[in-house]
2 protein chains.
Amino acid sequence: MNIYDISRRAGVSIATVSRVLNNSPHVSETTRKKVMAVIEGTGYVPNAFARGLGLNTMKTIGLLCPDASDPYLAQALTYLEHSFRQKGYDCLLSCTGRELPARRQGVELLKSRHVDGIVLMGSSFIEDNSADNDYIRDAAKAVPVILLNGSFPCENVYCVLCDDQRAVTDATLQLLDSGCRRVLYLYHSNNYSGRKKLAGYRDAHEMRGMDVDEKLLCYFSQDKSSVHQVRDTLLQLERDGLAFDAVITSEDILSVGALKYARMAGRKVPEEMCVIGYNNSSLCNCAEPELTSVDNKLLAICEHIVATMLGVLEGKEMPQKTVFTGELIKRESTR
Amino acid sequence: MNIYDISRRAGVSIATVSRVLNNSPHVSETTRKKVMAVIEGTGYVPNAFARGLGLNTMKTIGLLCPDASDPYLAQALTYLEHSFRQKGYDCLLSCTGRELPARRQGVELLKSRHVDGIVLMGSSFIEDNSADNDYIRDAAKAVPVILLNGSFPCENVYCVLCDDQRAVTDATLQLLDSGCRRVLYLYHSNNYSGRKKLAGYRDAHEMRGMDVDEKLLCYFSQDKSSVHQVRDTLLQLERDGLAFDAVITSEDILSVGALKYARMAGRKVPEEMCVIGYNNSSLCNCAEPELTSVDNKLLAICEHIVATMLGVLEGKEMPQKTVFTGELIKRESTR
DNA sequence: GCGTGTGATGTAATCGTTTACACGTTGACA
DNA sequence: TGTCAACGTGTAAACGATTACATCACACGC
């Protein structure tokens, strides 16, 4: 069933059918109705390959996602896919994991599919001009690239992110100003976003004239970051004599681990210990007590990514970098 | 930069270039090297549209997902995408929401993209032969369709699922046999899977010679199922004088709400009240106390979906229906 | 020397659209 | 009545690959 079949049945030319399909104004209302009737009757769907060949675009955005099972990224995925679809773009998904070679390969693939643009998610590890990031430059040579929560100065690369540093500063200040003196910082990755957050933690201490005890900085690798691992690590730290009266983390899941620790160690939250997470994910309401967390405006960021992408594709001049401000959402784990 | 440019520069015909690109044996080694050199020199990438037009396949699987931000589906998404990619297939994602018209449209879209096969996720509401399911038949006419956790008897539709009914029976028996007498059942949807689970709940009571008090069946619509909504509803039920000493739910998130209720009502879990969830999602470890839940073998199901799809595409005869058995994972919320 | 099989290469049709251009038709207006 | 837009519609040429078929060169056996 192709456009010729339709044109034959409707008694018009293929050009007219095409015009109807593309809502061209140069079709009389009667013809349009006639053609539409045939199309609906046959269940005809235009062949996207042929269309792509003619237009040299298939209205597709490539989504490079390290891990769709990460709730935060999954959320972003849903937003992005939904918004792009509404705007008439489909999404080709590539879940690469976080390893560089796989991400490189993912980009190659999206390029060979001639996507109209690429969104790099979990791109928060992007930072410098090292060769590691060649694949981004590579992609940007072919199509516009937008980084979700990443920063990378390069032609045709656009960045939409949250000011993590400031957000963590604000959150840490909230802890310090509510009487906490030794704030444990649990983090997940040494990437761009991770270091920004750490810098925010330091900033807050500096603003209150406090030194940072490096022993309070506690790193978890991605695969060692289960709730139980965090809990057990904190128990061990306590046994080792490390004192702390608050915990702030780079991800909500780490905070949940901290809450587990508090329960097991018999420390009351928030009376004896405060906890603040990051992302304001759905975990916050599930945690016990419910978790205070930084909302890093994922929805706004995603909306802006879509708008930016569409703007660039329409040839408009768009800002290379857009920064949103996080917001502390207070729940039961802080005073 | 197209195949003609390459053929011109290499001094051969486009057919030869095409043969080189497709590893055809009918090319001399010298010619192959010559052409390869030109290709690498120019960074030429074949146009996927044109290729798709000719071959009428682009090695793409369409994934129809109601909601990628649902942790359970997100998990499945990751598994599926990863496995398909390993096998040389890309995934086109369509997050449609759960509404019928949108799903219909999603299928249309995947069809127009001429995907090689479609996986319908969250297809658990598929049950009968009503017109509502026409879109599945429609899709199956064009390409093989595989349902994740759904059952639908139709040519070219394959089903891979967990025996939810039996799993819930086992879980309910566990509650009854550990002394619980009034098990509240919280559920999310009236779909196929939802009804199967409810049937399992009834089966268990019947097996122990107990009547089911219909007041113990408590429905939550998808949008009314937040943790707080569940908690508040249970508090109200208690105030209304409904007695229950256990809760079993069709989704982990509902169980988390039940735990919130228990905390607020001052009922100790599992001593005074037991809770069992469903899906064995990452929420289970985050909950307090940690949630006993039914593992419905998502990973195995996804692997089987991929194997089935590849088998069908290779023209092999594959089973129309494959059923896995769930398993109760005991944690702290049961005795 | 002459068919004949074989392996490398080229030619041209094909896939299903879009769209520039050409071709009526119609109606307004001088 | 003739001219000219404006408008609707059709024709045919892209778009860039794949591939069946034709062709050609060459070697081999008779």
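Nothing here was measured: the structure is a model prediction, and the numbers come from that model. First the proteins, then the strands, lettered A, B, ... as listed; each starts at 1.
The CE atom of A:Met58 sits 18 Å away from the P atom of C:dC15 (whole-angstrom rounding). Rounded to an integer number of Å, the gap from CG of A:Leu53 to C1' of C:dT14 is 12 Å. Between the P atom of C:dT17 and the CG atom of A:Asp5 lies a distance of 9 Å, rounded to the nearest Å. Rounded to an integer number of Å, the gap from A:His114 NE2 to D:dC15 P is 15 Å. Atom CG in A:Leu55 sits roughly 13 Å away from atom P in D:dC15 (whole-Å rounding). Rounded to a whole Å, the OH atom of A:Tyr4 is 11 Å from the P atom of C:dT18. B:Arg51 places its CZ atom 16 Å from the C1' atom of D:dC15, with the value rounded to the nearest Å. Rounded to whole Å, atom C1' of C:dC15 lies 13 Å from atom CG of B:Asn47.
For residues 12-39 of chain B, proximity to DNA chain D is found at B:Ile14, B:Ala15, B:Ser18, B:Arg19, B:Asn22, defined as any non-hydrogen atom under 4.0 angstrom from a strand atom.
One side chain, A:Ser94 or B:Arg85, offers a donor N or O that lies under 3.5 Å from an acceptor on the other.
With respect to B:Asp134 and B:Lys141, no salt bridge is recorded, no charged nitrogen being found less than 4.0 Å from a carboxylate O. The pair A:Asp90-B:Arg113 counts as a salt bridge, with a side-chain nitrogen and a carboxylate oxygen less than 4.0 angstrom apart. Here B:Lys111 pairs with B:Asp138 in a salt bridge; the nearest charged N to carboxylate O distance falls below 4.0 Å.
Residue A:Met121 forms a side chain to side chain contact (heavy atoms under 4.5 Å, CB included) with just one option from A:Asp67, A:Ile146, A:Leu64, A:Leu80, and that option is A:Leu80.
At least one side-chain heavy atom of B:Gln86 sits under 4.5 Å from a side-chain heavy atom of B:His82. Looking only at side-chain heavy atoms (C-beta outward), B:Tyr44 and B:Val38 stay at 4.5 Å or farther from each other. At a threshold of 4.5 Å between non-hydrogen side-chain atoms, the residues A:Ile6 and A:Met1 count as touching.
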Could you please spell out the steps behind the side chain to side chain donor-acceptor pair (under 3.5 Å) verdict for A:Ser193 and A:Asn149?
-> CA-CA 7 Å; A:Ser193 161; A:Asn149 271 347; 6.0 Å; no
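For the helix from C:dG1-D:dC30 to C:dA30-D:dT1, the angle separating the two terminal helix axes comes to 60°, with each axis derived from five pairs and the value rounded to 10°.
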